[in-house]
Every structure is written in C-alpha cells, then in structure tokens.
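When reading the values below, keep in mind they use all heavy atoms of this one structure, side chains included, and skip hydrogens, waters and symmetry mates.
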Amino acid sequence: MDLAKDAYRELREYFRLFDPLHEREAEMFNKLGYIDLQHLASRIRGETLMAVGLMDTICPPSTQFAAYNKITAPKQLAIYPDFGHEHLPGFNDRVYMFFLDGCQAE
C-alpha cells in the first residue's frame, strides 16, 4: 500500500519549486530527521493512549508505529483498520475514560 501519497506533498512541491534536480536532497532529509517525532518518543514518561488509522495517507501508519514502538512508558494502541486521517468512532469516549481512570488513580 502506498499510503504516504499525501504525507509528503509539501516535499514534492519544495523540490519542484526550489531544488528540481534534488541537489540538496540529503541536506533536506537530514534536517527533517531532527523533527521526526519517533526521535522524541523515548522522552515520553506519562501513560499514553494512541490511535492509528491504517488507511491514513497524511500520517502513514508506519510513521506512527515507529514513534509508538519507541515509547517506553505504559501505553495503549487503538487500531482502526478501515479509517484514515479522520474522526475515529468511539475514540473520544476511550480518551475520556483514559483520563478519567488516570484521575481516579491519584
């Protein structure tokens, strides 16, 4: 599945407008590596609830799993196989219960 089709539209546009021969491609991707959330995920200390839509073309599941797998704190993952970058049915209630359970534990 080529789910990254919308995720990197801005990069394609950047190269088309400013670097059509991709002469600075390595430099660009090196800089983007500094803001890749998977590199920050190991800093998460609080319990985490995360949802992934497996059809998400904006935030491809592979990038979300890369971040999730690096979280060392207690974590939960809700996988929505048929959903993309959109409202995830029932997830708002799950988030509410997640926070409610956390408040009652204190």
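- Across all their heavy atoms, A67 and A41 have their closest contact at O-CB, 3.3 Å.
- Here the straight-line distance linking atom NZ of K75 with atom OG1 of T48 works out to 8.5 Å at 0.5 Å rounding.
- Between atom CD of residue E86 and atom CE of residue M55 there is a gap of 11.0 Å, rounded to the nearest 0.5 Å.
- When hydrophobic clusters are built by joining Ile, Leu, Val, Met, Phe, Trp and Tyr residues whose side-chain heavy atoms come closer than 4.5 Å, directly or via intermediates, L88 is not grouped with L54.
- To the nearest 0.5 angstrom, Y14 atom OH is 4.5 Å from R24 atom CZ.
- When the side chains of ILVMFWY residues are joined at heavy-atom separations under 4.5 Å, either directly or via intervening members, Y80 and V95 end up in a single hydrophobic cluster.
- In this structure the side chain of Y68 never reaches within 4.5 angstrom of the side chain of V52, judged on heavy atoms.
- Using a 4.5 Å cut-off on side-chain heavy atoms (C-beta onward), Q76 and F98 make contact.
- Contact annotation: the side chain of E13 never approaches that of F18 to less than 4.5 Å [non-hydrogen atoms, C-beta and beyond].
- The heavy-atom pair separating G53 from P61 by the smallest distance is O-CG, 3.6 Å.
- Of the possible polar contacts, one joining the D19 side chain to the E23 backbone as a donor-acceptor pair under 3.5 Å is found.
- Interatomic distance, R94 CZ to D101 CG, rounded to the nearest 0.5 Å: 11.0 Å.
- Rounding to the nearest 0.5 Å places CG of D93 at 11.0 Å from CZ of F91.
- Going from atom CD of Q64 over to atom SG of C59 covers 5.5 Å, rounded to the nearest 0.5 Å.
- Nearest approach of A73 to G46, heavy atoms of both residues: CB-O, 3.4 Å.
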Starting from the C-alpha separation in whole Å, work towards a yes-or-no answer on side chain to side chain contact (heavy atoms under 4.5 Å, CB included) for L21 and F15. CA-CA 8 Å; L21 299 177; F15 284 119; over 6 Å; no
